[in-house]
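Heavy atoms only: backbone and side chains are in, while hydrogens, waters and symmetry mates are out. In what follows, every chain begins at residue 1, and chains take the letters A, B, ... in the order their sequences are listed.
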Protein chains: 2
Amino acid sequence: MNNNLTLSQDALIQALGRQSAFWGLGRTAGEMYAVLYLNSDPVSLEEVAQRLKVTKGNISVAIRQLEQLGMVRRSWQKGDRRVFFEAEVDFWKIAHSVLGLRYKPEFDQSFSLVEESATIAEQAALSAERDMVIERLKSLQEFYRLLDSLVEVVLDMSPGQLKAALEMFKLLSQKDKQG
Amino acid sequence: MNNNLTLSQDALIQALGRQSAFWGLGRTAGEMYAVLYLNSDPVSLEEVAQRLKVTKGNISVAIRQLEQLGMVRRSWQKGDRRVFFEAEVDFWKIAHSVLGLRYKPEFDQSFSLVEESATIAEQAALSAERDMVIERLKSLQEFYRLLDSLVEVVLDMSPGQLKAALEMFKLLSQKDKQG
DNA sequence: TTGCTAGTTTAGAACCTTCTAAACGTATTA
DNA sequence: TAATACGTTTAGAAGGTTCTAAACTAGCAA
């Protein structure tokens, strides 16, 4: 690999490391993914560790998370006892998986607490305060449902379909603004 | 405030505390918001601290973040030297603000690193590897643009418009599946 | 059979984030 | 004027997360 490709990979490692840390997956997760994504061939555990300058132990533990999210696959090569990893390159597939396994459960858990909150409020003695609380919780429930619905619809489309739909909405939006 | 309303608030504090922690805003931020959201009247700093069983110092620092995100407003009452807080209750407004002040900058920074990565790769010596890297980075750039576009279009709509659009897509989706 | 390699596992070190305690500054009250 | 109340600020304690070092396990090579 020549120098510019190494530098290019460095930039991507940095980009995905920050994104991953920001979204709560940990910096190393995004960095590992970046290393694998820009390699056409599967990469051994030791090579990943060397590339990122961390221990094999760290990679061994951390990459399991990426496997569970379907972002990375483990493979073996005939005549070689090492394990190799390669990146899942279909971002839509990854999005489905990450949303389904990480974000949806969290969302559902909070949503059910909000519903519980509303149920308890409805059992409170009649008062203006009670009414306001119920109203507030209803608004919040509606917002949650809207977000849920949005994610559902978007994930039900292919990237191409989504792109087409967005372009249509942009056109409609411009038409609205012109009168 | 009677017992069921307190319990109701407890559940919401828990719900929003977890969501907030999960999305990287810190548990206390979500908890504070929950306290304020379910109070029709502005709440003093000390009351928030008592309700959450933390120190005033902690609230004093943490609530500044919520103010900056436009999720909470500071107010004063004639004849009372305490400061009071109230929640912004328009979730759409909050979403605009949080996305714009928190998520967008992070996204843009990563995106520009991805673009830099692509630029550097294009300066590499011609090779099959170079071509693959460039292709991979293009895919990633496209995905980033698609997400950015989605957020832009969604935030350009009112909640009602979004709801209507989603219902339309669900209908189309069912129609597709029926043949 | 012994030595080496590769990956796994885990206690604890290192680092990061969140919170407290207390000092501080300001304004009001007695 | 002194005491009190309110909120702010910050050093460091406490808690949580990430990583290392080293022991362990398993398989292969000499």
Side-chain angles (χ1 to χ4, degrees), chain A residues 13-14 16-36 41-69 71-86 102 106, chain B residues 13-14 16-36 41-69 71-86 102 106:
Chain A
I13 287 167
Q14 210 188 137
L16 298 192
R18 328 181 29 135
Q19 278 286 310
S20 188
F22 185 76
W23 293 103
L25 270 184
R27 210 189 75 233
T28 303
E31 289 180 339
M32 288 187 291
Y33 183 77
V35 170
L36 300 174
D41 302 320
V43 186
S44 74
L45 186 145
E46 179 156 23
E47 283 171 305
V48 177
Q50 281 172 352
R51 185 67 181 82
L52 296 178
K53 297 181 162 71
V54 295
T55 64
K56 291 193 295 181
N58 191 6
I59 299 299
S60 181
V61 171
I63 209 156
R64 236 184 278 160
Q65 189 185 18
L66 288 190
E67 281 184 85
Q68 281 166 10
L69 291 175
M71 291 176 68
V72 158
R73 272 184 306 276
R74 184 180 287 252
S75 60
W76 288 269
Q77 298 181 0
K78 213 167 164 90
D80 194 331
R81 61 172 169 154
R82 291 173 303 169
V83 66
F84 289 81
F85 298 101
E86 50 195 336
R102 254 189 76 85
E106 190 57 44
Chain B
I13 287 167
Q14 209 188 138
L16 298 191
R18 322 181 34 132
Q19 278 286 312
S20 188
F22 186 77
W23 294 102
L25 269 185
R27 209 188 77 236
T28 303
E31 289 179 340
M32 287 187 292
Y33 183 78
V35 170
L36 299 173
D41 300 321
V43 187
S44 75
L45 186 146
E46 179 154 25
E47 284 171 305
V48 177
Q50 282 172 350
R51 186 64 183 81
L52 296 179
K53 297 182 162 70
V54 295
T55 64
K56 290 192 293 180
N58 191 6
I59 299 299
S60 182
V61 172
I63 209 155
R64 235 182 282 160
Q65 189 185 19
L66 287 190
E67 281 184 86
Q68 280 165 11
L69 291 175
M71 292 176 69
V72 158
R73 270 183 306 276
R74 183 180 291 252
S75 59
W76 288 269
Q77 298 183 357
K78 211 164 166 83
D80 194 331
R81 59 175 169 153
R82 292 173 302 167
V83 66
F84 290 82
F85 298 101
E86 52 196 334
R102 254 188 77 85
E106 189 58 44

*asked:* Using the rule given for side chain to side chain contact (heavy atoms under 4.5 Å, CB included), can you reason through W76(A) versus V83(A), listing the C-alpha separation, both sets of side-chain angles and the distance that settles it, and then say yes or no?
replied: CA-CA 5 Å; W76(A) 288 269; V83(A) 66; 3.9 Å; yes

*Which is it for E31(A) and I13(A) under the side chain to side chain contact (heavy atoms under 4.5 Å, CB included) test, yes or no, and what are the steps along the way?*
CA-CA 5 Å; E31(A) 289 180 339; I13(A) 287 167; 3.5 Å; yes

Can you tell which of [options] lies closest to the side chain of [X]?
X: R82(A); options: dA6(C), dT8(D), dT9(C); result: dA6(C)
X: T28(A); options: dC19(D), dT18(C), dT8(C); result: dC19(D)
X: E46(B); options: dT10(D), dC6(D), dT9(C); result: dC6(D)
X: R81(B); options: dA27(C), dT18(C), dA6(C); result: dA27(C)
X: V61(A); options: dC6(D), dG7(C), dT10(C); result: dT10(C)
X: T55(B); options: dC19(D), dA21(C), dA6(C); result: dA21(C)

Could you tell me the separation between the [atom1] atom of [X] and the [atom2] atom of [N], rounded to a whole number of Å?
X: F85(A); N: dT8(C); atom1: CZ; atom2: P; value: 6 Å
X: L45(A); N: dT9(C); atom1: CG; atom2: P; value: 12 Å
X: Q50(A); N: dG7(C); atom1: CD; atom2: C1'; value: 14 Å
X: M32(A); N: dC19(D); atom1: CE; atom2: P; value: 9 Å
X: N58(B); N: dG15(D); atom1: CG; atom2: C1'; value: 13 Å
X: K56(A); N: dT10(C); atom1: NZ; atom2: C1'; value: 16 Å
X: L25(B); N: dT18(C); atom1: CG; atom2: P; value: 10 Å
X: I59(A); N: dT8(C); atom1: CD1; atom2: P; value: 11 Å

For a quick test of reading the model: is some side-chain N or O of [X] closer than 4.0 Å to OP1 or OP2 of [N]?
X: S44(A); N: dA6(C); answer: no
X: R74(A); N: dT8(C); answer: yes
X: R27(B); N: dT17(C); answer: no

*asked:* Donor-acceptor check, side chain of S20(B) to backbone of G26(B), threshold 3.5 angstrom: yes or no?
replied: yes

*Grab the two heavy atoms, one from L66(A) and one from Y33(A), that are nearest each other, plus how far apart they are.*
CD1-N, 4.0 Å

*Taking all non-hydrogen atoms of both residues, which atom of Q19(A) and which atom of E106(B) are closest, and how far apart?*
NE2-O, 3.4 Å

